[in-house]
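Heavy atoms only: backbone and side chains are in, while hydrogens, waters and symmetry mates are out. In each ligand, atom 1 is the first atom listed, and ligand 1 is the first ligand listed.
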Amino acid sequence: MTYNRDMKLYNTMSKQKEEFTTVQPGIAQIYSCGPTVYNTAHIGNLRAYICGDILKKTLRFNGYQIEDVMNITDVGHLVGDGDDGEDKVETTARKLGLHPLQIAQKFTDIFMNDLKRLNVIPAKHIVPATQCIDGMINLINTLEAKGCTYRTSDGIYFDASTFPDYYQLSKGSLEGNLGGARVALGEKRNINDFALWKFVSPNTIQKWDSPWGVGCPGWHIECSAISMQYLPVPFDIHTGGVDHIPVHHTNEIAQTQTATGKKMCNFWFHNEFMTIDGGKMSKSLGNVYTLDDLINQGYDPMHLRLLMLQTIYRSVLNFTFTALNGARENYRNIVTALRRHQASTTPTDPQIINELRHAFTDAINNDLNTPTALAVLHQALKQPNSQDIYQLITAEFDQVLSLSLAAAVSTEENTIIPDAINELAAQRLAAKKQRDWATADALRNKITAAGYQINDTVDGYTITKIN
Ligand code: AMP
Ligand code: ZN
């Protein structure tokens, strides 16, 4: 159903909200930078895909058809995030004694399952970099023919000085690029030059023949090559996290624009970062959570999705368990109120329904303002109980929000585990981790006494109600 096609979207390139238009009428062509599949995506990574999903669902709500592509980085992303170090996928493969493609498959499967549980619709084309090597070699050939590359002892590099508009996306904010000033240039001519093709050591597993010698592609070339293979130049929207602005996306632009003489895409869509407890997520701080970590602590993926929607995609989202508990509470309140509306046969004045519909549409079409859209949802819930409100929220608003609200309403209420029980179970897990078995047993007894059973699993536990 189309109510309003006027949609404003912030464009990192122009640094302002613009009226959204597409190259082909009614079709939105989107490229998303996919994950590097060497470990399980953390909830910060997942924010990038939930934000991209809200964008696509909003476009669909407005009547657009979506033509989308996402790469899977299964080669080329080096440990140092630059042009040095071992390949991330290959490093994990060595540690676990598996082939890099087995590692890539394992973490791609986990990632796709996470997206499914978070109601993120996968892109129509999901393309592993290793399946697009010929396209990358062709593109490097084109760049070489244009005189924009040079050879060093370890690879073929893009000469950034041949692309005067290099800072068009980062607009002189040298953050990220300045990193190059601190590291030795080595054989590179300019700090912004980057590898297109890397020669590899004899023990490298993933390597291919090329006109320049045996090697593997650099990290940035895959996104230019894959987007050019599946979409026209320019396409409509390119998505990714803000960390990609100064280097990865800047380099993608340099490659595509040099090769084609055209701009890569019309809109650059970047989600801000998720922080944890006010700081960076990092393995060494032990504060990197995956979706399974949260599920094992009794949360539902929809609690995380709602938490994400409570903040606009362009603001930093600080993850805390207090905030996640708040989102869980909010979700339960929405579902409880929807149950009351569903049970009612009283109609709502169609004009009120229309006003709510327009307020919701205006919110999401204003650069995906999901917090305001959720405020409209709560305003709707405050109306006298009515099937019409239930329909408006579950059949229309939830097309965009994708919070599985109709399914949650029909779920038996007694399958919901109370917060107090979840809290005891989380304390028990913490006690077990510290090998404090006495406390863990005492907590299990408390949980059983309250009428719930805790079942240990390989990586956590599940809780069920004792009937
Ligand atoms: P990667 O697998 O490292 O290439 O990252 C996958 C996606 O997650 C990219 O679009 C990143 O920009 C994004 N990303 C990484 N860390 C975070 C974070 N803490 N918050 C939000 N997005 C992130
Ligand atoms: Zn990319």
Does [X] reach the side chain of [Y], with side-chain heavy atoms less than 4.5 Å apart?
X    : Y    : value
V120 : K56  : no
N71  : Y31  : yes
Q29  : T22  : no
L143 : I156 : no
K171 : M13  : yes
F163 : T250 : no
N119 : S404 : yes

I need the nearest protein heavy-atom contact for [atom]: residue, atom name and distance, please.
atom                    : value
atom 7 (C) of ligand 1  : Y49 OH, 3.5 Å
atom 16 (N) of ligand 1 : F273 CZ, 3.4 Å
atom 21 (C) of ligand 1 : G44 O, 3.0 Å
atom 3 (O) of ligand 1  : N45 ND2, 4.2 Å
atom 9 (C) of ligand 1  : H244 NE2, 3.5 Å
atom 19 (N) of ligand 1 : M274 O, 3.1 Å
atom 10 (O) of ligand 1 : G241 N, 3.1 Å
atom 2 (O) of ligand 1  : T36 N, 3.0 Å

Fill in: D83 with K188: basic N within carboxylate O range, under 4.0 Å
yes

Response to the item:
Atoms of ligand 1 under 4.0 Å from any heavy atom of G240, numbered from 1 in the order shown, are 10 (O)

Worksheet entry | Atoms in ligand 1 with a heavy atom of P35 nearer than 4.0 Å | 2 (O)

Worksheet item: Of all the atoms in E222, is at least one N, O or S atom closer to the Zn ion (ligand 2) than 2.8 Å?
Response: no

Practice prompt. Assess H248: does it contribute an N, O or S atom lying under 2.8 Å from the Zn ion (ligand 2)?
Written response: yes

Worksheet item: Does at least one non-hydrogen atom of H42 fall below 4.0 angstrom from an atom of ligand 1?
Response: yes

Worksheet item: Where the Zn ion (ligand 2) is the centre, what is the SG-to-SG angle for C33 and C223, rounded to 10°?
Response: 130°

Item to complete: For the Zn ion (ligand 2), find the closest N/O/S atom on E252 and give its atom name.
Response: OE2

Worksheet entry | Residue of the set H220, H270, H238 for which ring-ring contact (aromatic ring centres under 6.0 Å, His included) holds with H248 | H220

Fill in: Shortest heavy-atom approach to atom 11 (C) of ligand 1 - which of N271, D243, I245
D243

Worksheet entry | Over all atoms of both residues, closest heavy-atom pair of A327 and H303 | CB-O, 3.5 Å

Worksheet item: Which part of E272 is near ligand 1, with near meaning a heavy atom under 4.0 Å away: side chain, backbone, both or neither?
Response: backbone

Fill in: N11 side-chain N/O to Q16 backbone N/O, donor-acceptor pair under 3.5 Å
no

